[in-house]
Amino acid sequence: VNAPSKRPDVVVVGAGPAGLLATERLEARGRRVLLLEAGPAAYSARTDERDPAWRYRVLGGASWWPRAHAVGGRANLWGGWLSRFGPEVFREGGWPYGARTLAPYYADAEAWLGASAAPLDERFARAARSLGVPIRPRVRASAPDGDHWTGAHCAAAAGARTGSVALRLELPAAGPAAVIVARDGAVERFEARAIVLAASAIETARLLLASGLRHRRIGRGLADHFNLSYILVEPNRPVDPDARRLPPAAFVPRFVNRGAATKRPYRGGYSVEIVGPLPLARLDEDVRALFSDQTPPDASFTFVNSLGEQWRAPGRYVDLAPRARDALGRPLPQIHLASSAAERRLVEDMKASCRNVAEAIASPGASLLRYRDPFVLPPVFHPAGTCAMGDDPGAPCDRWGRLRPAPSVWIADASAFPSAGDCHPTLTVLAHALRVVESVDQALGRPALGHRSLAPPTQGARGSRSVQPTAKPRA
Ligand SMILES: Cc1cc2nc3c(=O)[nH]c(=O)nc-3n(C[C@H](O)[C@H](O)[C@H](O)COP(=O)(O)OP(=O)(O)OC[C@H]3O[C@@H](n4cnc5c(N)ncnc54)[C@H](O)[C@@H]3O)c2cc1C
């Protein structure tokens with residue numbers, strides 16, 4: 001076991017958006033931070049599916065799990081859609097606080113992600129009016145140069161210790177906690193006063209379980225989004241050449257189960273996203289192969305997608321395979337899936353809403369293709385909830401993401417969500433990560449003068465902002 005020469009105050013595991021933000025803000029507060037990332041600095045291709053070090057099992061249904069092991073994490077794959085969870089998500093999902101508590105953190109996370117809203121396309125606005133549903137401009141994350149946000153420009157990205165796979169945590173009753181890491185065939189051990197896990201909901205649960213932490217709710221409570229997509233193909237709608245990079249897009253927030261008039265026979269709700277027209281060439285070859293031979297090559301397409309809320313259920317959880325190991329010797333994570341009749345009704349509603357939206361925006365001669373169906377090989381898309389927060393002492397984490405059975409550990413990713421919400425999650429992940437930073441900072445007390453990051457200097461890093469420490473967590 002190699003030991004590091006200098007002990008960090010905080011080890012952060014995972015350099016996705018949550019780990020990058022937590023690292024940047026802890027460093028701005030004078031903390032010495034070691035950011036561990038399993039993958040390389042730059043994401044190159046989707047090889048994770050076949051990597052023997054990242055095998056997993058799905059039980060109770062067929063599924064696949066899109067991941068990106070590299071600095072930026074799944075922001076290397078994402079669409080950059082940003083939306084805050086509405087007040088009903090916090091209320092119904094058993095969150096320990098409401099939307100108002102998270103509002104200042106949301107605002108901070110939006111600024112960090114360069115959130116900007118495009119003007120609302122009149123075609124989409126008209127369609128929403130005719131259907132009687134709410135609509136908003138798309139809010140999107142962008143890098144400082146206006147490009148797609150992948151995290152590469154973040155101040156903390158350059159300092160991440162890449163190729164470092166956290167294998168387990170040592171959590172002694174007395175003395176410092178430590179992270180055991182595999183890197184280049186060697187095993188390293190990093191002690192720290194605080195450990196922040198930002199490896200994403202399934203990996204974080206796997207790490208905690210592999211560390212021998214016994215808590216009956218760790219790994220349980222897995223929730224995700226049902227995700228479905230339609231493609232509207234329009235032979236008569238040209239693509240505006242000026243809008244090729246940023247096509248018109250809009251967001252339909254949840255409009256069901258918002259009072260007696262919109263009551264549905266399931267819990268929670270769903271949102272709808274519209275983006276297009278885009279040139280057919282932007283679609284993968286195998287998707288284009290699904291089109292009719294009569295589709296002209298200069299036809300355009302518009303995506304109509306929906307994300308629906310999946311609830312925690314006894315049959316949905318993460319645990320470790322009893323015997324099967326991956327190439328690093330780790331027990332495989334097992335993802336147990338289940339669905340209910342009520343969830344099937346939710347998905348039927350999501351499909352109907354997507355079809356209605358598509359019909360309302362379609363031009364003559366258009367055709368509609370169902371592209372992604374949550375009951376036909378769905379992805380494990382936005383896993384959450386495997387180490388949920390709550391004021392209830394039985395909840396694994398407190399409302400600041402601090403792990404009750406191991407108080408030197410904080411959970412900064414969606415594992416800590418009590419529910420999955422009805423729209424894209426990353427803004428909420430980051431708002432939560434900012435709360436984790438406040439809590440860690442308060443627990444560590446006054447920083448030693450002159451302490452800086454363990455990371456090499458991040459010259460040329462753009463888009464980072466430093467924030468003055470606040471004396472106390474806010475709520
Ligand atoms: C195809 C796709 C599209 C998406 N589009 C959107 C969108 O438009 N809007 C939105 O809000 N969200 C979207 N998401 C979800 C979004 O990507 C995630 O919410 C976000 O990336 C979560 O950030 P994170 O830092 O918590 O986790 P991740 O981004 O998953 O990062 C976790 C990091 O931890 C590292 N790691 C894992 N295990 C270990 C270990 N043992 N040791 C060291 N490092 C480890 C990983 O390599 C990774 O870099 C999308 C997701 C996918 C898959």
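For ligands, and for the atoms within them, numbers begin at 1 and follow the listed sequence. All heavy atoms count here, side chains included; hydrogens, waters and symmetry mates do not.
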For ligand 1, which atoms, with element, lie under 4.0 Å from some heavy atom of [X]?
{"X": "Ser200", "answer": "27 (O), 30 (O)"}
{"X": "Val13", "answer": "42 (N), 43 (C)"}
{"X": "Gly73", "answer": "29 (O), 31 (O), 48 (C), 49 (O)"}
{"X": "Ala18", "answer": "25 (O), 26 (O)"}
{"X": "Asp413", "answer": "26 (O)"}
{"X": "Ala68", "answer": "47 (O), 48 (C), 49 (O)"}
{"X": "Ser164", "answer": "42 (N), 43 (C)"}
{"X": "Val165", "answer": "41 (N), 42 (N)"}

Mode of [X] contact toward ligand 1 - side chain, backbone, both, neither (heavy atoms, under 4.0 Å):
{"X": "Arg74", "answer": "both"}
{"X": "Pro379", "answer": "neither"}
{"X": "Arg67", "answer": "neither"}

Check whether NZ of the Lys or CZ of the Arg [X] lies under 6.0 Å from the centre of the six-membered ring of [Y] and within 45 degrees of that ring's axis.
{"X": "Arg330", "Y": "Trp54", "answer": "yes"}
{"X": "Arg91", "Y": "Trp95", "answer": "no"}
{"X": "Arg140", "Y": "Trp81", "answer": "no"}
{"X": "Arg220", "Y": "Tyr317", "answer": "yes"}

In terms of side-chain geometry, is the basic nitrogen of [X] or [Y] positioned less than 4.0 Å from the acidic oxygen of its partner?
{"X": "Arg161", "Y": "Glu37", "answer": "no"}
{"X": "Asp326", "Y": "Arg206", "answer": "yes"}
{"X": "Asp398", "Y": "Arg404", "answer": "no"}
{"X": "Glu438", "Y": "Arg399", "answer": "no"}

Polar atom proximity, [X] to ligand 1 (N or O, under 3.5 Å):
{"X": "Leu207", "answer": "no"}
{"X": "Gly39", "answer": "no"}
{"X": "Leu427", "answer": "no"}
{"X": "Trp78", "answer": "no"}
{"X": "Gly19", "answer": "no"}

Nearest option to [atom], as decided by whichever heavy atom of [options] sits closest:
{"atom": "atom 34 (O) of ligand 1", "options": "Ala70, Gly151, Gly14", "result": "Gly14"}
{"atom": "atom 8 (O) of ligand 1", "options": "Trp81, Phe381, Trp54", "result": "Trp81"}
{"atom": "atom 20 (C) of ligand 1", "options": "Thr426, Leu77, Asn305", "result": "Thr426"}

contact_flag Ala414 ligand 1 heavy-atom lt 4.0 Å
no

Looking only at the side chains, is there a donor atom on one of Thr150 and Asn76 sitting less than 3.5 Å from an acceptor on the other?
no

Would you say Arg183 and Ser164 are linked by a side-chain donor-acceptor pair, where the criterion is simply a distance under 3.5 Å?
yes

Phe226: partners by ring pair (Phe, Tyr, Trp, His ring centres under 6.0 Å), with sequence neighbours left out:
Phe375

With a 4.5 Å limit on heavy-atom distance, are the side chains of Tyr106 and Thr428 in contact?
yes

